[in-house]
Amino acid sequence: MQIMTLVMVVRGGRVLLGRKKTGAIGRGLLNAPGGKCNPGESPLTCAVRETKEELGLVLDPRHLECVAQITFYTGGVPDFFVHVFRTIQANGTPQDTADMEPVWYAIDTLPTGQMHESDCLWFARAANGERFCAGVHYRERAKGFERIEFAPYPSG
């Protein structure tokens, strides 16, 4: 199972998304910056690196809060485990990169029709700082959304 990250950069009721230009999953869709952890890399370090690479923002890891842990299943088999971070502090101006084109959206009116199918059920919750765990089930990798199961975020 691949360990991944997403980062919700939030300002004034808006969240920074990027339209993915590359990758086998999600090309053309809106998503938060993030990606696969490199071998030996912590999720926190990955979140900072991926946000810099994809949108040109510099994040201070001390200001990132992990708000969600989501396991994505493909055909009933765990495929991705995603650490979802949230921050209200980012240095720099979002940049259009080879990976993503940045756009700010109001959290309460996210363009979920331009996002992954399951995002309408969990994305705003994480952007608003709600802490949770979830299992998201797809028939195929990121296609054919079936269901989502929420659970409490671990304490401690």
Side-chain angles (χ1 to χ4, degrees), residues 1-37 43-44 46-57 59 64-90 94-154:
M1 180 166 45
Q2 182 69 54
I3 305 299
M4 302 184 75
T5 63
L6 281 177
V7 179
M8 308 281 181
V9 178
V10 177
R11 289 187 184 150
R14 299 182 309 152
V15 63
L16 181 61
L17 301 179
R19 184 165 312 280
K20 285 195 59 152
K21 297 178 182 180
T22 61
I25 299 174
R27 186 183 314 203
L29 297 178
L30 292 168
N31 207 343
K36 298 174 189 161
C37 292
L44 190 61
C46 174
V48 170
R49 176 183 55 76
E50 287 282 353
T51 303
K52 174 73 172 154
E53 289 174 4
E54 293 185 340
L55 294 176
L57 293 176
L59 303 179
L64 288 173
E65 174 189 16
C66 189
V67 293
Q69 297 177 341
I70 304 174
T71 303
F72 288 87
Y73 295 83
T74 299
V77 177
D79 198 7
F80 298 107
F81 184 81
V82 181
H83 297 266
V84 181
F85 294 93
R86 182 180 185 275
T87 187
I88 58 171
Q89 296 185 10
Q95 302 295 313
D96 191 340
T97 67
D99 295 317
M100 294 183 116
E101 174 189 353
V103 184
W104 290 94
Y105 289 95
I107 295 170
D108 59 357
T109 57
L110 289 171
T112 55
Q114 299 176 54
M115 300 168 77
H116 288 284
E117 293 174 85
S118 65
D119 289 359
C120 65
L121 300 171
W122 68 266
F123 204 94
R125 292 170 72 166
N128 280 319
E130 182 178 335
R131 295 171 61 103
F132 60 89
C133 291
V136 176
H137 296 261
Y138 282 92
R139 281 186 293 285
E140 299 175 42
R141 183 174 269 182
K143 293 179 183 174
F145 173 66
E146 295 178 323
R147 70 185 183 282
I148 188 168
E149 300 158 342
F150 288 98
Y153 192 88

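What you see is a predicted model; the values in this text were computed from it and never measured. The basis for the numbers below is simple: all heavy atoms, side chains too, and nothing from hydrogens, waters or symmetry mates.
Using modelled atom types, one side-chain atom of Glu117 and one backbone atom of Gly144 make a donor-acceptor pair closer than 3.5 Å. When atom types are taken as modelled, the side chain of Thr97 and the backbone of Glu54 share a donor-acceptor pair closer than 3.5 angstrom. Looking at Arg19, its side chain never comes within 3.5 Å of a backbone N or O of Leu29 through a donor-acceptor pair.
Two residues are said to be in side-chain contact when any heavy atoms from C-beta on lie closer than 4.5 Å; Thr87 and Val9 meet this criterion. Side-chain atoms of Arg86 and Val10, non-hydrogen and from C-beta on, do get closer than 4.5 Å to each other. For the pair Asp96 and Pro102, the minimum side-chain heavy-atom distance is below 4.5 Å. Residues Val136 and Phe145 form a side-chain contact, since some pair of their non-hydrogen atoms from C-beta on lies under 4.5 Å apart. Side chains of Val84 and Arg125 form no contact here, defined as non-hydrogen atoms less than 4.5 Å apart. Side-chain atoms of Leu16 and Leu57, non-hydrogen and from C-beta on, do get closer than 4.5 Å to each other. In this structure the side chain of Met115 reaches within 4.5 angstrom of the side chain of Leu17, judged on heavy atoms. Inter-residue side-chain proximity for Glu53 and Glu50 is flagged as met; some heavy-atom pair is nearer than 4.5 Å.
With ring centers used as reference points, Phe132 lies 6.0 Å or more from Tyr153.
When every heavy atom of Leu64 is checked against every heavy atom of Val7, the shortest pair comes out as CD2-CG1, 4.1 Å. Summarising the geometry of Ala98 relative to Thr22, their closest heavy-atom pair is O-CG2, 3.5 Å, with the distance given to 0.1 Å. Closest of all the heavy-atom pairs between Lys36 and Cys46 is O-SG, 3.5 Å. Nearest heavy atoms, Ala126 versus Met8: CB-CE, 3.9 Å. Here the closest heavy-atom approach between residue Thr5 and residue Pro43 is recorded as CG2-O, 3.2 Å. The two residues Ala47 and Phe85 come nearest to each other via the heavy atoms CB-CD1, 3.7 Å.
Other residues, nucleotides and ligands place more than 12 heavy atoms under 6.0 Å from the CD1 atom of Ile25. Taking a 6.0 Å sphere around NZ of Lys21, one finds it holds more than 12 heavy atoms contributed by other residues, nucleotides or ligands.
Legend: residues meeting side chain to side chain donor-acceptor pair (under 3.5 Å) with Arg147, ordered by chain and number and at least two apart, are Glu149.
Expressed to the nearest 0.5 Å, how far OG1 of Thr74 lies from CD of Glu146 amounts to 9.5 Å. The structure places CZ of Phe123 at 11.0 Å from OG1 of Thr112, a figure rounded to the nearest 0.5 Å. Atom CG of Leu110 and atom CG of Leu30 lie 9.0 Å apart (nearest 0.5 Å). Separation of atoms CE (Met1) and OG1 (Thr71) is listed at 5.5 Å; rounding is to 0.5 Å. Rounding to the nearest 0.5 Å gives a distance of 12.5 Å between CD of Gln95 and CD of Glu101. A distance of 7.5 Å separates OG in Ser118 from CD1 in Ile70, rounded to the nearest 0.5 Å.
Using bins of under 30°, 30° to 60° and over 60° for the plane-to-plane angle, the ring pair His83/Phe81 lands in the perpendicular bin. Ring geometry, Trp122 versus Phe72: the interplanar angle exceeds 60°, so the pair is classed perpendicular (tilted spans 30 to 60°).
For residues 94-118, there are no ring pair (Phe, Tyr, Trp, His ring centres under 6.0 Å) pairs, not counting sequence neighbours.
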